[in-house]
Amino acid sequence: MGLGVFIIMIAVGAILTFASDWELEAVDLDLVGLILMAVGILGTVVYTSVLRRRRMVVPPVAPTVTDDRRDLL
């Protein structure tokens with residue numbers, strides 16, 4: 001899953017929690033929206049943490065200089 005999926009989860013959760021007035025007998029949509037927002041935020045944090053670790057730049061090792069000259073007579 002990419003970062004966009006987590007952002008969409010946050011948006012859908014916010015819509016279900018704050019902008020909808022639907023009533024379902026078996027499902028509490030406010031709770032479902034809060035769960036979606038929590039999972040979206042947690043997923044975003046984990047994804048960016050892994051992405052930051054993956055993009056960590058390792059400094060290059062200094063090249064080894066060898067003396068390849070031979071004495072010419």
Side-chain angles (χ1 to χ4, degrees):
M1 289 199 295
L3 186 61
V5 173
F6 295 123
I7 292 173
I8 289 172
M9 288 176 74
I10 295 170
V12 169
I15 290 170
L16 285 177
T17 302
F18 303 118
S20 69
D21 59 351
W22 299 330
E23 297 282 332
L24 295 177
E25 230 174 271
V27 179
D28 185 9
L29 289 179
D30 290 338
L31 182 61
V32 171
L34 288 173
I35 291 171
L36 280 174
M37 285 192 295
V39 170
I41 290 170
L42 183 66
T44 302
V45 168
V46 169
Y47 183 82
T48 55
S49 172
V50 169
L51 186 66
R52 186 179 333 152
R53 195 175 314 145
R54 191 180 300 165
R55 289 188 180 180
M56 186 181 296
V57 177
V58 178
V61 178
T64 305
V65 178
T66 58
D67 190 15
D68 199 20
R69 293 181 292 164
R70 295 189 179 121
D71 293 332
L72 297 173
L73 292 175

Common cluster, Leu16/Val27, ILVMFWY with side-chain heavy-atom separation under 4.5 Å | yes
Please table the atom pairs, donor to acceptor, closer than 3.5 Å between any side-chain atom in residues 29-36 and protein atoms at least two apart or in another chain.
none

Indicate, with yes or no, if Ile15 and Met9 share a hydrophobic cluster defined by side-chain heavy-atom contacts under 4.5 Å among Ile, Leu, Val, Met, Phe, Trp and Tyr.
-> no
Donor-acceptor contact below 3.5 Å, side chain Thr48 vs main chain Thr44 = yes
Do the side chain of Thr17 and the main chain of Ala14 share a donor and acceptor less than 3.5 angstrom apart?
-> no
Does Trp22 share a hydrophobic cluster with Val12, counting links as ILVMFWY side-chain heavy atoms below 4.5 Å and allowing steps through other members?
-> yes
Shared ILVMFWY cluster between Ile7 and Ile41, side chains joined below 4.5 angstrom?
-> no
Group every Ile, Leu, Val, Met, Phe, Trp and Tyr by side-chain heavy-atom contacts under 4.5 Å, then state whether Val39 and Met37 land in the same group.
-> no
